[in-house]
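For reference, the structure discussed in these notes is given below.
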Amino acid sequence: MQGHTRLTSAVRDVGAHRARMIAGVARPQNVDEVRAVVRRAAVEGRHLYPLSTGRNWGMGSGVPAKDENVVVDLSGMNRIRSLDLENGFPVV
């Protein structure tokens, strides 16, 4: 995770939303890295703001809804590992 920073080009804002202070940006590339990010955030008492393609809210903005989140860019997680049709969710 990058250190506490002002929102940078690392997090795309296409909606001219209010500027946010972010605690960091993580870009995990596999399941073990995601687990490490989650564990570190829990130890540090940080909130996570996951992005898949950056189209979470507000016309494609990757800006968290609140300050002090660690933005977790999951765009590198591009493979479906399993599909649970009974409960209606994939594991990516």
Side-chain angles (χ1 to χ4, degrees):
M1 284 185 269
Q2 298 171 0
H4 183 86
T5 184
R6 196 87 158 118
L7 192 62
T8 67
S9 61
V11 180
R12 186 174 59 137
D13 177 16
V14 298
H17 299 288
R18 183 172 83 74
R20 297 286 182 199
M21 294 296 291
I22 58 173
V25 177
R27 292 183 178 89
Q29 299 297 306
N30 58 56
V31 173
D32 289 334
E33 290 178 9
V34 171
R35 288 182 182 131
V37 168
V38 172
R39 286 185 186 118
R40 182 173 175 184
V43 167
E44 295 177 358
R46 299 279 184 197
H47 295 279
L48 300 176
Y49 186 77
L51 300 174
S52 54
T53 58
R55 293 184 288 269
N56 290 36
W57 69 284
M59 300 174 288
S61 180
V63 179
K66 296 184 177 186
D67 289 327
E68 303 301 325
N69 286 266
V70 173
V71 175
V72 183
D73 178 354
L74 297 171
S75 62
M77 305 292 292
N78 59 6
R79 184 171 58 97
I80 296 174
R81 296 179 48 164
S82 65
L83 184 59
D84 186 331
L85 296 176
E86 184 175 320
N87 292 305
F89 66 86
V91 176
V92 179

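All figures in this text were calculated on a predicted structure; none of them were measured in a lab.
Applying the under-4.5 Å side-chain rule to Ile, Leu, Val, Met, Phe, Trp and Tyr, the cluster around Val43 consists of that residue alone.
Side chain of Asp73 to main chain of Arg27: no donor-acceptor pair is present (N/O by atom type, distance under 3.5 Å, no hydrogens or angles). Of the possible donor and acceptor atoms, none in the side chain of Asn69 sits under 3.5 Å from a partner among the backbone N and O of Val71.
The minimum heavy-atom distance between Gln29 and Gly76, with the atom names listed, is OE1-CA, 3.8 Å.
A continuous path of Ile, Leu, Val, Met, Phe, Trp and Tyr side chains, each step under 4.5 Å between heavy atoms, connects Val70 with Val31, placing both in one hydrophobic cluster.
With sequence neighbours left out, the salt bridge (charged side-chain N to carboxylate O under 4.0 Å, His left out) criterion links Asp32 to Arg35. The side chain to side chain contact (heavy atoms under 4.5 Å, CB included) test applied to Val38 returns Val34, Leu48, not counting sequence neighbours.
Between Val72 and Pro28, some side-chain heavy-atom pair lies under the 4.5 Å cut-off.
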